[in-house]
Amino acid sequence: MNINVGDNKMELNGRDDLKRPLLEPSDSVCVTIPEPVDKLEKKRTVMFKIGNIKCASCVTSIESVLGEINGVESVSVSPIHGYAAIEYVPKLVNPKIIKETIEDAGFPVKEFSEQQIAVCRLRIKGMACTSCSESLERALKFLDGVKKAVVGLALEEAKVHFDPNVTDSDRIIEAIEDAGFGADLISSGNEANKVHLKLEGVSSVEDMNTIKSYLESAIGVNHVEMDLEEKMATVNYDPDFTGPRSIIEAVQEVAHGSYKASLYIPPRQRETEQHHEINNYRNQFLLSCLFSVPLFIFSMVLPMLPPFGDWLVYKIYNMFTVGLLLRWVLCTPVQFIVGRRFYKGSYHALRLKSANMDVLVAMGTNAAYFYSVYVAIKSLSSDTFKGQDFFETSAMLISFILLGKYLEVLAKGKTSDALAKLTDLAPDSACLLILDDDGNVVSEVAISTQLIQRNDVIKIIPGEKVPVDGIVTDGQSYVNESMITGEAQPIAKKPGDKVIGGTMNENGCLLVKATHVGSETALSQIVQLVEAAQLARAPIQKIADRISRFFVPAIVLTAFITWLGWLIPGVIGIYPKHWIPKGMDKFELALQFGISVLVVACPCALGLATPTAVMVATGKGASLGVLIKGGNALEKAHKVKAIVFDKTGTLTLGKPEVVNVMLFSSVSMEDFCDVAIAAEANSQHPIAKAFLEHARKLRQKIESNRQSNNQHVTEAKDFEVHPGTGVSGKVGDKMVLVGNKRLMQTYNVTVGPEIEGYISEHEQQARTCVLVSIDGKIAGAFAVTDPVKPEANNVILYLRSMGISSIMVTGDNWATATAIAKEVGIEKVIAETDPIGKADRIKDLQMRGLTVAMVGDGINDSPALVAADVGMAIGAGTDVAIEAADIVLIKSNLEDVVTAIDLSRKTISRIWLNYVWALGYNILGVPVAAGILYPFTGVRLPPWLAGACMAASSLSVVCSSLLLQSYRKSWVFQDTKIGHSHCFKST
């Protein structure tokens, strides 16, 4: 698109964006609409490393054979390095065919560089147990192009990593449906920064192509999808260059305002699907009851009432009675219409060489139904045959199973309540300020939160929620961040402070400049992290996976043995005839026991034991300010026996203050400050920042006393960071070192007795001493103190009561580290170590058989966070540390270390309790269903009651997991009046 805007200049992401549309009106803009993009084939490039290329003729041979392939656009082969770059059209050919063609020409492909890996998330329908999720995972992994597939049973979602050059989301959905499950696409590729628009004035394909071409040519728009039937447009954009508001304005500029666009907010798919599933099970249950209840009455109630009983036993033909006909008619719709889902599930499971709950239900109901059909046909053909039908068994069994599934999906919906509450925190609308060029407010406009763009200025009055993450530009107030961080006390906010979207403004008016919008906000990141955690499997889930592989075949075998075990002794006459109930024979009694065994066994409860507990726990943790990245981290945390703490920013507040400066040479304080400022200016260490702030204030004081304003500082050259020791660089013609004693020793700088005394004096007071060397001589030093966090001592005491030892690892000197450790109650200290050394110390602890957690906040803690079994990052720390960690403590409070471990222990205990429920139920239920108590007590489990018990087992496991929602964090406090620490732990 060619745009001429005269002499007007447009500032990206500045105030101009707020005042006028991204595209200027038609009287000042000339637009050339290109050909619709969908007419052009999109191309991709793939790289190969090819062997046996000896000369130019080899290159020619490769290029010629590839040139004959339909879809290959260009080929570039390097004869020296053997690399080939092939540009191709994905719709016509894929890299696998290209690779095979090269190999067929006699040139081996040594490296097949597939750089692109796409990810899609799918909603899965129809999964009943672990066997379903396992068989679906296997089916997906067999699909060509799929690199990794994870299926979450409780979340009813699948996350698939695939090669977009080989397959796509449509083929993945086809594979899922071919496996017998339903699938809906939740997201594919980069869903961040996507806006959905409802279009007006669009009536033809040409209109859609015009808008699409116009948008695709706009600055910052990455991808556009159009839907003529729904009159919708979906636009992916780069928030650095544009936003939803600008895109809407751009649509309205096309064809002199002929088209209109408005924001469309799609319904939440998860909630919609949950409601649909709940309604589906409810409707199926009610439909089955429509037939099952009359069938139960005709079978169990009316035969005991004389007038009706006589009518029901009236013979229509031979031994075929009215009651038998009614039972057959009422049972058939339940068996084949309502129960069709079990047939479909069984077919697809067996086709994938698997077996699930549907197989058990289908076998049990079929045995009851078709035996009853045999009884009915035999009654029609014989005037002496007497047999008991089980039509009511089949229908009641299906009805009870559907009732159980209905109650189960109701309970499962509550496992994601915490996630839904997080999603609902963001407000629906916000007050946007329109500013002029001088920054003065021109007007206020109420807009949807989803239309906020980066750098917008938002007005937030008392009682309103903060819509997006941003920085306060004007006003002062207190903001309640408890819904995000769990911090009970409102936090004071002033200009320059950051605010988090979803938090509540308490009492003052704030003007906030938006810095993170859409999927980039802290709230969105938390939701995404929790969703990913709920999909990830905990290792303990492998127990259920292993059992499920042989569970159903074992139950089928047990049911067959049960049937034979009652039939053969009955035929031989081993057990007395009075054991056989009235109206039954030996075969029918054995069949009932066999059917009961089939339907009482429940693999569903086993499959739900772990994922439901993990879902509830991760959601609960997020609401308490503890983000747990998946079941693996949750499980490992309960095994932790040692916790390694970083010092600065973790045990301490991370806000060092310079408390003393001392010169040890003839260098003036002014020159000392200038040199140290120049050397430390590029350092990101908290101590460096503290000294810079102190030195600049000191420098200003010196200048003000001299009444001069010469504060020019030379920039350091050859700047170098020495991890764990300090920095070095050249300031002018002077070589400057700023760091600890180890740095000075490395550069052979002499540390005299006077300096040693200064260091020793301050280190005993838990202060860190930093030395400044100029040209190989100590010029001066400064002492820095970093206050210990008030909760640190109580947390260490509480961890000790939990049987967990605490260790401090720091790059600081031994004296300071020992003093800090003594203050917080840590007995073991490892000091003067670099980032790699921290990771090595953790590995040493692991070699002793300990499960180790690491708590840190800085970039230098990242290797240790990765090396530890469980890495915990302080929320106020660096992005690198948070990325490397398994658990993120949002509010930077050490008490949340206790919360994370305690929640993990509660969750694993709950999972084991769930397994006890599930396994114990099957271990007790199967023998009872097989009739082990019948000879002694006369108690047997009819098939319909066995089906009700099976449904109850799944429901009990889900409800057991839901009890984790009542978890309350452990806490510690200091009794200032008595002077003792008290630890309290809630249940």
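Keep in mind it's a predicted model, so treat the numbers as computed, not measured.
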Output, in order, the C-alpha distance, side-chain angles, deciding distance and verdict of side chain to side chain contact (heavy atoms under 4.5 Å, CB included) for His348 and Phe181.
-> CA-CA 8 Å; His348 290 294; Phe181 304 96; 5.8 Å; no
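- Atom CG of Leu302 is separated from atom CE of Met300 by 12.0 Å, given to the nearest 0.5 angstrom.
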Are Ile580 and Tyr575 close enough, and set up right, to give a side chain to side chain contact (heavy atoms under 4.5 Å, CB included), and what steps lead you there?
-> CA-CA 9 Å; Ile580 303 172; Tyr575 59 78; 4.0 Å; yes
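- Listed by first then second residue, pairs satisfying salt bridge (charged side-chain N to carboxylate O under 4.0 Å, His left out) with a partner in residues 320-340 read Arg327-Asp389, not counting sequence neighbours.
- Trp917 pairs with exactly one of Cys959, Ser956, Ser953 by the side chain to side chain contact (heavy atoms under 4.5 Å, CB included) rule, that one being Ser956.
- Between Phe336 and Tyr343, the ring-plane angle classifies as parallel under the 30° and 60° cut-offs.
- Applying the side chain to side chain donor-acceptor pair (under 3.5 Å) test to residues at least two apart or on different chains, none of the pairs has a partner in residues 310-320.
- Note on Glu277 versus Lys125: no salt bridge recorded, every NZ/NE/NH1/NH2 to OD/OE distance being 4.0 Å or above.
- Rounded to the nearest 0.5 angstrom, Leu287 CG and Asn283 CG are separated by 8.5 Å.
- Interatomic distance, SG of Cys949 versus CG of Leu924, reported as 11.5 Å (0.5 Å rounding).
- Ring-plane geometry between His196 and Tyr264 is classed as perpendicular, the angle between the planes exceeding 60 degrees on a 0 to 90 degree scale with a lower cut at 30.
- Tyr934 is linked by a side chain to side chain donor-acceptor pair (under 3.5 Å) to nothing, counting only residues two or more places apart in sequence or in another chain.
- Minimum interatomic distance between Ser346 and Ala362 (heavy atoms only, all atoms of both residues): OG-CB, 3.4 Å.
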